[in-house]
Amino acid sequence: MPLARRLRLPHLRGQLTELIPTARAQRWDPAELVRVLLAEEAAGRDAAMLAARRKKAGFPAGKTFDVWDEKKSSIPLATQSALRSLEWVTRRENFCVVGPEVIVGSFVI
């Protein structure tokens with residue numbers, strides 16, 4: 001869609017071919033279609049911004065808690081659970097793990 005390109009909405013444009021037929025088939029309200037398309041654009045921008053920030057930070061790996069192997073870590077399980085809760089983020093505490101297992105988190109504070 002040329003207008004989406006002109007308005008620089010690449011993530012919305014990428015979803016149009018999938019969502020328009022779905023919206024027609026399921027008889028979505030036009031406002032619902034607009035909401036879903038804007039949500040897709042926002043999610044795409046968030047993902048792109050996260051990738052850009054990670055690249056700029058120069059982190060050595062993009063690991064998350066999802067790929068963390070608790071059994072291979074020398075960090076006690078209770079400490080690992082506390083870290084996973086992310087309570088330290090709301091307290092604005094720093095967190096750094098050095099070694100073969102590196103967790104790279106991205107948080108907006």
Practice item. Using the rule that two of Ile, Leu, Val, Met, Phe, Trp, Tyr join whenever any of their side-chain heavy atoms come within less than 4.5 Å, decide whether Leu19 and Leu7 are in one cluster. Key: yes
Exercise for review: Dump the intermediate steps for salt bridge (Lys or Arg N to Asp or Glu O under 4.0 Å) on Arg8 and Glu41, then the final yes or no.
Suggested key: CA-CA 10 Å; Arg8 295 188 178 109; Glu41 181 66 28; over 6 Å; no
**Study point:** Minimum side-chain heavy-atom gap Gln15-His11 below 4.5 Å
**Key:** no
Exercise for review: Answer yes if Ile75 and Leu77 sit in the same cluster of Ile, Leu, Val, Met, Phe, Trp and Tyr residues linked by side chain heavy atoms under 4.5 Å apart, and no otherwise.
Suggested key: no
Exercise for review: Look up atom CD in Glu18 and atom CG in Leu37, then write down how far apart they are to the nearest 0.5 Å.
Suggested key: 11.0 Å
Review point. Between atom CZ of Arg6 and atom CG of Leu3, what is the distance when rounded to the nearest 0.5 Å?
Key: 7.0 Å
Review point. Going through the checks in order, is the side-chain contact (heavy atoms from CB on, under 4.5 Å) test met by Thr22 and Leu33?
Key: CA-CA 9 Å; Thr22 301; Leu33 177 60; over 6 Å; no
Check your understanding: Can you find a pair of side-chain heavy atoms, one from Arg84 and one from Glu70, that are under 4.5 Å apart?
Key -> yes
Exercise for review: Decide side-chain contact (heavy atoms from CB on, under 4.5 Å) for Glu40 and Arg13; before the verdict, give the C-alpha distance in whole Å, the side-chain angles of both, and the deciding distance to 0.1 Å.
Suggested key: CA-CA 10 Å; Glu40 288 293 331; Arg13 194 172 68 240; over 6 Å; no
Point to revise | Side-chain heavy atoms of Asn94 within contact of Trp88, under 4.5 Å | key: no
Check your understanding: Can you name the nearest heavy-atom pair linking Leu12 to Ala4, along with the distance?
Key -> CD2-CB, 4.0 Å
